[in-house]
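Just so you know, these numbers use all the heavy atoms, side chains as well, and skip hydrogens, waters and symmetry mates. Given the structure is predicted, the values throughout are model-derived calculations rather than measurements.
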Amino acid sequence: MATLTAAAFERGLSDLGAGTPEARDGTAVDVELVLAVDVSWSMDQSEQEIQRDGYAAAFRDPKVQEAIFDGVNGRVAVTYVEWAGTTSQMVVVPWTLIDTKEAADAFAYRLATELPDRERRTSISSAIDTIVPMFDGNGFDGLRRVIDISGDGPNNQGRMVTLARDGAVAAGITINGLPLMTSGGGFSWGSIPDLDRYYSDCVIGGPGAFVIPVNDWSQFPEAVRRKLILELAGGWPLGAEPREPLVLKTQGLPAADCLVGENMWMERQQRWMDDTR
């Protein structure tokens, strides 16, 4: 496992910002999309597999493929990145041009066959800071640039998440969120009960930014499918509106504490110190 992890990490670093061999510099696409997925220790192996399978199934879905091909250019560029702490960002599938059903199915196949990994801590800010430069020189010229972040806890390492978010937005990038509120109300260490509000107030930003909370793992595949349709098409196709309000509006919510994760980590460290005295 250690060898696989090291090889994957080395591959991920070399892929940062790299376009696919068939992509020409400046290939026009409707959106350049980074799927940034949490693989911190709070996610067990079965949950990571649900995430991978959910994204793979979504790219095989006819409605998602229709959203891609009905755009202005009829093609998109997508990469899949896993992240955890400040030094744990790994490209699983590098920038890939999706312009045919076969290309979408091939992207899904790569997701389904790569082995997920697990790393320590949660640094949403480091994930954003690592991903932002990946858009430059990636071989594509998108009408929109989007980072899609999914995770099950607040930032607890690295710089303040709002600073990373604001830097990305200033660079013309939209950040959307998929908060995973899947601990059944018990909330393991590092999770918070209002993670949807945290993502809304502290993580997402840019034109049209939105949050889709997932309250149970059974909701994940449909949430991913709907989220991708929004991101790849820029709106719901006719007749595809959700039957229930999965999209959380970003206005009119009570303000969240954007340092809640850091404060939780400091309190935990203090308890460890007290216990060893």
Side-chain angles (χ1 to χ4, degrees), residues 30-40 42-71 76-83 90-93 95-96 98 101 103-114 116 124 127 131 144-153 174-183 195-196 199-200 203-204 208-237 239-248 250:
D30 293 310
V31 60
E32 300 166 53
L33 175 63
V34 180
L35 303 173
V37 178
D38 181 5
V39 293
S40 58
S42 56
M43 311 283 292
D44 64 32
Q45 184 174 356
S46 65
E47 292 170 339
Q48 290 182 348
E49 290 173 354
I50 290 172
Q51 289 189 100
R52 285 281 191 90
D53 291 346
Y55 278 103
F59 277 94
R60 294 188 183 105
D61 185 271
K63 286 293 184 183
V64 172
Q65 293 183 1
E66 180 184 344
I68 295 172
F69 307 142
D70 283 353
V76 300
V78 186
T79 180
Y80 188 97
V81 177
E82 291 180 339
W83 60 272
M90 182 174 65
V91 175
V92 176
V93 182
W95 284 109
T96 301
I98 299 180
K101 180 183 185 303
D105 290 342
F107 186 85
Y109 177 79
R110 291 195 64 178
L111 283 180
T113 54
E114 293 282 354
I124 302 172
I131 289 168
R144 292 176 291 124
R145 291 179 166 185
V146 178
I147 301 173
D148 177 330
I149 295 184
S150 63
D152 70 345
T174 294
I175 302 175
N176 298 325
L178 192 74
L180 306 174
M181 305 167 65
T182 51
S183 54
L195 186 63
D196 51 353
Y199 263 67
S200 179
V203 177
I204 70 169
F210 63 88
V211 169
I212 299 182
V214 176
N215 296 300
D216 186 88
W217 281 112
S218 63
Q219 299 176 354
F220 186 83
E222 178 63 12
V224 167
R225 189 184 75 90
R226 293 179 177 180
K227 174 184 62 62
L228 285 174
I229 290 173
L230 278 173
E231 289 168 334
L232 297 173
W236 294 107
E241 289 80 6
R243 287 170 293 185
E244 52 189 70
L246 280 179
V247 180
L248 179 72
T250 61

### Task
Could you check T182 against V214 for side-chain contact (heavy atoms from CB on, under 4.5 Å), going step by step and ending with a plain yes or no?
CA-CA 7 Å; T182 51; V214 176; 4.1 Å; yes
### N/O donor-acceptor pair under 3.5 Å between T79 side chain and V93 backbone
yes
### Query
What are the two closest non-hydrogen atoms of A108 and A56, and how far apart are they?
CB-O, 3.2 Å
### Query
Out of curiosity, T96 OG1 to F107 CZ, how far, rounded to the nearest 0.5 Å?
5.5 Å
### Message
To the closest 0.5 Å, what do you measure between CZ (R145) and CG (L33)?
### Response
13.0 Å
### Task
Heavy atoms only: give me the nearest V64-R225 pair and the separation to one decimal.
CG2-CG, 3.7 Å
### Message
Run the side chain to side chain contact (heavy atoms under 4.5 Å, CB included) test against D216 and tell me which residues pass, sequence neighbours left out.
### Response
S218, Q219
### Task
Show your reasoning for whether side-chain contact (heavy atoms from CB on, under 4.5 Å) applies to V31 and E231.
CA-CA 8 Å; V31 60; E231 289 168 334; 5.8 Å; no
### Task
Quick one: pull up CH2 in W217 and CD in Q51 and give me the separation to the nearest 0.5 Å.
4.5 Å
### Within-4.5 Å side-chain heavy-atom neighbours: I229 and K63
yes
### Query
Between the side chain of D148 and the main-chain N/O of L35, is any donor-acceptor distance below 3.5 Å?
no
### Message
If I compare all heavy atoms of I124 with all of G153, which pair ends up nearest, and what's the gap?
### Response
CD1-O, 3.8 Å
#### Entry: Working for side-chain contact (heavy atoms from CB on, under 4.5 Å), residues W83 and D38
CA-CA 5 Å; W83 60 272; D38 181 5; 3.7 Å; yes
### Query
For V224 and G54, which heavy atoms make the closest approach, and how far apart are they?
CG1-O, 4.0 Å
### Message
As an exercise, state the distance from CG of L195 to CG of L180, rounded to the nearest 0.5 Å.
### Response
7.5 Å
### Query
Roughly how far apart are L228 CG and D61 CG, rounded to 0.5 Å?
9.5 Å
### Message
Has Q65 got a side-chain atom pairing as donor or acceptor with F59's backbone, closer than 3.5 angstrom?
### Response
yes
### Step-by-step side-chain contact (heavy atoms from CB on, under 4.5 Å) determination, Y199 to L178
CA-CA 8 Å; Y199 263 67; L178 192 74; over 6 Å; no
### Exercise: identify the closest heavy-atom pair between I98 and I68
O-CG2, 3.7 Å
#### Entry: Atom pair CD1 (I204) and CD1 (I212), whose distance is rounded to the nearest 0.5 Å
10.5 Å
### Task
Indicate the atoms forming the closest heavy-atom contact of D152 with S40, along with that distance.
OD1-OG, 4.0 Å
### Task
For the pair R52 and E49, find out whether any cationic side-chain nitrogen is under 4.0 Å from an anionic carboxylate oxygen.
no
